[in-house]
Engineer: 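Structure below; questions to follow.
The shown structure was predicted, so the numbers you read here are calculated from the model rather than taken from an experiment.
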Amino acid sequence: MSVDSEPAELEQQEEEVEVEEVEEEVDAPAHHPYAPPDELFDISTTVDPSYIISLIRKLLPTDASNNGNSHGFDACIGQVANTDHVEGSAASVSGQEVLSSSDHKSEGMDIVEDCGKHARLEGEDEESCHRFDRPSVSAGEEAWEECGCILWDLAASKANAELMVQNLILEVLSANLMVSQSVRVKEISLGIIGNLACHEALLKHIVSTNGLIERVVDQLFLEDSQCLCEACRLLTLGIQSSECITWAEALQSEHVIYHILWIVENTLNLQLIEKSVGLLLAIIESQPEVLHVLLPPLMKLGLPSLLVNLLTFEMGKLMSERIPERYSILDVVFRAIEALSALDGHSQEICSNKELFKLACDMVKLPDKVEVANSCVTAAVLIANILSEVTDLASELSEDFPFLQGLLDVFPFASDDLEARSALWSIIARILVQVQENEMNRSSLFQYVSVLVGKSDLIEDELLDCQSDDLSKGHEGLTTSCTKSNARTTAVRRIISILNQWTASKDSAVENNMKGKLLADNDNINRLLDCCHKYLNSLHHALGNNLS
C-alpha cells in the first residue's frame with residue numbers, strides 16, 4: 001500500500017462513521033421518543049421552537065424573597081417549570097440549558113442582528129433593547145437581558161409570538177414584573193408584552209393572564225423613563241384594541257389618571273413625552289365606552305389646560321430653534337388637542353381658548369412647513385373645529401393675509417386626507433364670506449387678489465383633484481361628496497366674485513401706483529377664474545344642476 005493512499009482511506013472511514021452517527025440521530029433511541037401528535041408544533045417559524053422555549057425558561061425568576069406575594073409567584077413558576085408542553089419539540093430542552101447563560105449565544109446574537117432591523121413594532125428603536133451604557137450588572141442579569149432582548153425581537157413575528165404565548169411567556173413575564181427589582185428586567189418584560197400585543201389574536205391571552213394588566217399599570221409608578229415608555233406604549237396598544245374596556249377599567253382610578261398627567265407634565269425625556277401624550281390621544285380617540293370611563297377624570301384633573309401648556313412650550317421651541325427630535329411631540333400634542341376639540345360635550349374648553357387659537361394660527365403661518373407638515377395639517381383641522389364653535393373668530397382672520405397664504409400652502413400636505421382638505425375649504429369659505437369686495441377700496445382688494453393669484457397653482461391643483469375624486473365616485477358618491485363640499489363650493493364662488501370685482505374696477509390712477517407691486521397679472525387671474533368656473537360647471541353637470 002502506498003503512503004499516499006493511507007490518508008484517503010482514513011478520510012473515507014471518518015465519513016462512514018459520521019454517516020452512522022447521523023443515522024443514529026435520525027433513529028431516535030427509545031429513551032428519547034418523538035413528541036405525541038397532540039404536542040407537535042403546528043406553527044410555521046424559521047426559528048427552532050426549542051430555542052425559543054429555552055430562552056423563555058432562562059427568563060424564569062429565581063426567587064421571590066423580596067416580594068410579599070410569593071404565593072402567586074410560586075404558582076406561576078411551578079406552572080412553567082413543570083409543564084410538559086414546553087418539552088414537546090423534536091429537540092428537547094434540558095434543565096442544563098435553563099441554567100446555562102452561554103448556550104446559543106452566537107446563534108442568539110445572529111438573530112438579534114437580523115431581527116433588529118425589522119423586529120420591534122410601533123416605532124421601537126434598536127437601542128431600547130441593546131443599551132450597554134449602563135452601570136455594571138451581574139452575570140445572571142446580563143444573561144437574562146440577552147435572552148430577553150432576543151425574545152423581544154422575535155416577538156415581532158406573529159408565528160414566534162404565538163409560540164411564545166403557547167409556552168407561557170406571559171406568565172413568566174408577569175412573574176418578573178411581580179418580583180424583579182431591576183428596572184431593565186421590567187423594561188424588557190414590558191417591551192416583549194408590547195410586541196405580543198401588536199398581534200390582535202394574542203390580546204385576549206394578555207387580558208386573561210391573571211393579574212398581568214394590573215401589574216402593567218403598576219409600572220407607571222416607576223421612576224425609570226424607559227420603563228415608563230414601554231408601559232405607555234403597551235397601555236396605548238391595549239386602549240386601541242378590541243379588549244379596550246378591560247384596559248380602561250384598569251386605568252380608571254383617579255390616582256392612576258393623575259399620575260399619567262403628572263408624567264406628561266414633568267418628564268424631560270422626549271420619547272416619554274411622546275409616548276405618554278400618545279396614550280392620552282389613544283384614550284381621546286377610543287370607543288365611547290372607554291371615553292365614558294376615562295374622560296371625566298381626565299377633564300376633572302385638567303387635561304385641556306395641560307395639553308395647551310405643553311403645546312405652548314413646544315411651539316416656543318419650534319419658533320426659537322428647530323429640533324427635529326421634537327417634531328413628533330408637536331404632532332402628537334396637536335392631534336390630541338384636535339381630537340378633544342371634536343368631542344361633543346367636551347370641546348367648549350378647547351374651542352374657547354384664545355391662546356390655543358393663536359398657536360394654531362401661528363402654526364399655519366409658519367413659512368417652512370415641510371418638516372412639520374403633519375402638525376400644520378392638524379392645526380388647520382383644529383382651527384376649522386374652533387371656527388365651527390366660535391364663528392366670530394372668522395372676522396379676525398379675514399384680514400390676516402399671511403394666514404390665508406399659509407392656509408393655501410397646507411393643501412399639498414393634505415392631498416391624501418379628505419377630511420383635512422374639507423377642513424381647509426371650510427376655513428377659506430368662512431374667511432372669504434367676510435370679505436365685502438364691493439365696498440372696499442382697490443388697495444385692500446389687491447391684497448386678496450395677490451394672495452389668491454399668487455397661490456393659483458395650489459388652488460387649481462386642488463380643484464382638479466377634487467373634480468377627479470368626485471367623478472370617480474359615481475352619482476351616489478358624488479351626491480354625498482357634494483353635500484360635504486358645500487364649503488368648497490362657497491369658497492370657489494367667493495374667489496370668482498373677488499377676482500371679477502378686481503378686473504371690473506377701472507381706477508387707473510391707483511393701478512398705475514401699484515404697477516411695481518402687482519404680482520398677479522391678467523393672464524394668471526383669467527386662468528384661475530377659468531379653473532374655478534370649470535369646477536363649478538362640472539359639479540352642475542354631474543348633478544343635473546342640483547347645485548344651481
Engineer: Return the CD to CG distance between Glu285 and Leu291, rounded to the nearest 0.5 Å.
Structural biologist: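 The CG atom of Leu291 is 10.0 Å from CD of Glu285, to the nearest 0.5 Å.
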Engineer: If I take atom CG from residue Leu270 and atom CD1 from residue Ile323, how far apart are they, to the nearest 0.5 angstrom?
Structural biologist: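 Reported value, rounded in 0.5 Å steps: 8.0 Å.
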Engineer: Give every donor-acceptor pair under 3.5 Å between a side-chain atom in residues 401-411 and any protein atom, sequence neighbours left out.
Structural biologist:
| residue | atom | partner | partner atom | Å |
| --- | --- | --- | --- | --- |
| Asp409 | OD1 | Lys455 | NZ | 2.7 |
| Asp409 | OD2 | Lys455 | NZ | 3.4 |

Engineer: May I ask you to decide whether Lys365 forms a salt bridge with Asp400, counting only side-chain N to carboxylate O separations under 4.0 Å?
Structural biologist: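 Looking at Asp400 together with Lys365, the answer is yes, because their closest N to O distance falls below 4.0 Å.
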Engineer: With distance as the sole criterion, is a donor-acceptor pair present between the side chains of Tyr448 and Glu437 under 3.5 Å?
Structural biologist: no
Engineer: Tell me if a side-chain donor or acceptor on Ser157 pairs with a main-chain N or O of Leu154 at a distance below 3.5 Å.
Structural biologist: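 A pair under 3.5 Å: no.
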Engineer: Using the ring of each side chain (for Trp, its six-membered ring), is His255 parallel, tilted or perpendicular to His259, with breaks at 30° and 60°?
Structural biologist: tilted
Engineer: With heavy-atom distances below 4.5 Å as the criterion, would you say the side chains of Trp247 and Val207 are in contact?
Structural biologist: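 The answer is yes; the side chains approach within 4.5 Å.
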Engineer: Strictly distance-based, threshold 3.5 Å: is any side-chain N or O of Thr236 a donor or acceptor partner for the main-chain N or O of Cys232?
Structural biologist: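 Between the backbone of Cys232 and the side chain of Thr236 there is a qualifying donor-acceptor contact (under 3.5 Å).
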Engineer: Do Leu536 and Thr489 touch side chain to side chain, with heavy atoms closer than 4.5 Å?
Structural biologist: yes
Engineer: Using a cut-off of 6.0 Å, state whether more than 12 heavy atoms not belonging to Phe413 lie near its atom CZ.
Structural biologist: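 Above 12, so yes.
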Engineer: Would you indicate whether the side-chain heavy atoms of Ile245 and Glu249 approach each other to under 4.5 Å?
Structural biologist: yes
Engineer: Are the side chains of Ile350 and Leu382 in touch, meaning some heavy atoms are under 4.5 Å apart?
Structural biologist: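 The answer is yes; the side chains approach within 4.5 Å.
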Engineer: So, the side chain of His533 versus the backbone of Ile496: is there a donor-acceptor pair under 3.5 Å, distance only?
Structural biologist: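 Such a contact is absent between His533 side chain and Ile496 backbone.
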Engineer: Looking at side-chain heavy atoms only, is the closest gap between Ile188 and Leu151 below 4.5 Å?
Structural biologist: no
Engineer: Got Cys229 and Asn269 here, is their nearest side-chain heavy-atom distance under 4.5 Å?
Structural biologist: yes
Engineer: Are Asp362 and Lys358 ion-paired here, with the side-chain N under 4.0 Å from a carboxylate O?
Structural biologist: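 A salt bridge links Asp362 with Lys358.
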Engineer: Do Glu274 and Ser328 have side-chain N/O donor and acceptor atoms under 3.5 Å apart?
Structural biologist: yes
Engineer: CG of Asn438: more than 12 outside heavy atoms within 6.0 angstrom?
Structural biologist: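 Yes.
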Engineer: Does any N or O in the side chain of Lys204 come within less than 3.5 Å of the main-chain N or O of Ala201, such that one atom is a donor and the other an acceptor?
Structural biologist: no
Engineer: Within a 6.0 Å radius of atom CD on Gln252, are there more than 12 heavy atoms belonging to other residues, nucleotides or ligands?
Structural biologist: yes
Engineer: Do Arg488 and Ser422 pair up side chain to side chain, a donor and an acceptor below 3.5 Å, judged on atom types alone?
Structural biologist: no
Engineer: Would you compute the distance between atom SG of Cys361 and atom CD1 of Ile383 and round it to the nearest 0.5 angstrom?
Structural biologist: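 It comes to 4.0 Å.
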Engineer: Kindly compute the distance separating CE (Met363) from CE (Met315), expressed to the nearest 0.5 Å.
Structural biologist: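 CE of Met315 is found 5.5 Å from CE of Met363.
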Engineer: Is there a donor-acceptor contact under 3.5 Å linking the side chains of Ser286 and Gln240?
Structural biologist: no
Engineer: Is a side-chain donor-acceptor pair under 3.5 Å present for Ser225 with Gln271?
Structural biologist: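 Judged by distance alone, the side chains do not pair up.
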Engineer: Keeping the roles fixed (side chain from Ser276, backbone from Ile273), state whether a donor-acceptor pair exists under 3.5 Å.
Structural biologist: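 Yes: the side chain of Ser276 pairs with the backbone of Ile273.
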Engineer: Is Ser341 reaching over with its side chain to a backbone N or O of Glu338, donor-acceptor style, under 3.5 angstrom?
Structural biologist: yes
Engineer: Once ring-ring contact (aromatic ring centres under 6.0 Å, His included) is applied, what residue pairs with a partner in residues 264-318 remain, sequence neighbours excluded?
Structural biologist: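 Pairs touching residues 264-318 that pass the test: none.
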Engineer: Can you see whether Arg527 engages Asn522 through a side-chain donor-acceptor pair at a distance of less than 3.5 angstrom?
Structural biologist: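 Their side chains do not contain a donor-acceptor pair, so the 3.5 Å distance test is not met.
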Engineer: Answer with yes or no whether the side chains of Glu462 and Trp425 bring together a donor and an acceptor at under 3.5 Å.
Structural biologist: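 Note: Trp425 and Glu462 side chains meet the donor-acceptor criterion.
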Engineer: Are Tyr327 and Val332 close enough that some pair of their side-chain heavy atoms sits under 4.5 Å apart?
Structural biologist: no
Engineer: Just wondering, more than 12 heavy atoms not from Glu321 lying within 6.0 Å of its CD?
Structural biologist: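 Correct, the count exceeds 12.
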Engineer: To check you understand the geometry: which heavy-atom pair defines the closest contact between Val364 and Ala379, and what is its length?
Structural biologist: CG2-CB, 4.3 Å
Engineer: Do the side-chain N and O atoms of Ser388 and Asn385 include a donor-acceptor pair separated by under 3.5 angstrom?
Structural biologist: no
Engineer: Would you mind checking if Glu187 and Arg184 are paired as a salt bridge, meaning a charged N to carboxylate O distance below 4.0 Å?
Structural biologist: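 So Arg184 pairs with Glu187 through a salt bridge.
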Engineer: Test salt bridge (Lys or Arg N to Asp or Glu O under 4.0 Å) on Lys186 and Glu230; report intermediate values, then the result.
Structural biologist: CA-CA 9 Å; Lys186 291 177 180 290; Glu230 291 306 322; over 6 Å; no
Engineer: Working to the nearest 0.5 angstrom, can you tell me the gap between Glu389 CD and Ile386 CD1?
Structural biologist: 9.5 Å
Engineer: Asn500 vs Ser497, test: side chain to side chain donor-acceptor pair (under 3.5 Å). Steps then yes/no.
Structural biologist: CA-CA 5 Å; Asn500 282 336; Ser497 179; over 6 Å; no
Engineer: Looking just at side-chain N and O atoms, do Ser241 and Glu200 make a donor-acceptor pair shorter than 3.5 Å?
Structural biologist: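 Absent: no donor and acceptor within the cut-off.
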Engineer: Show me the donor-acceptor pairs, under 3.5 Å and distance only, between side chains in residues 302-311 and residues at least two apart or in other chains.
Structural biologist:
| residue | atom | partner | partner atom | Å |
| --- | --- | --- | --- | --- |
| Ser305 | OG | Gly302 | O | 3.0 |
| Asn309 | ND2 | Ser305 | O | 3.2 |

Engineer: Run through Arg494, Glu399, Gln501 and flag the one making a side chain to side chain contact (heavy atoms under 4.5 Å, CB included) with Val435.
Structural biologist: Arg494
Engineer: Is it true that Asp417 and Arg421 make a salt bridge, defined as a side-chain N closer than 4.0 Å to a carboxylate O?
Structural biologist: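 Salt bridge flag = no for Arg421 with Asp417.
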Engineer: When you measure from the side chain of Thr391 to the backbone of Leu387, do you find a donor-acceptor pair of N or O atoms at a distance under 3.5 Å?
Structural biologist: no
Engineer: Measure the spacing between CD1 of Ile193 and CG of Leu234 and express it to the nearest 0.5 Å.
Structural biologist: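 One gets 6.0 Å once the value is rounded to the nearest 0.5 Å.
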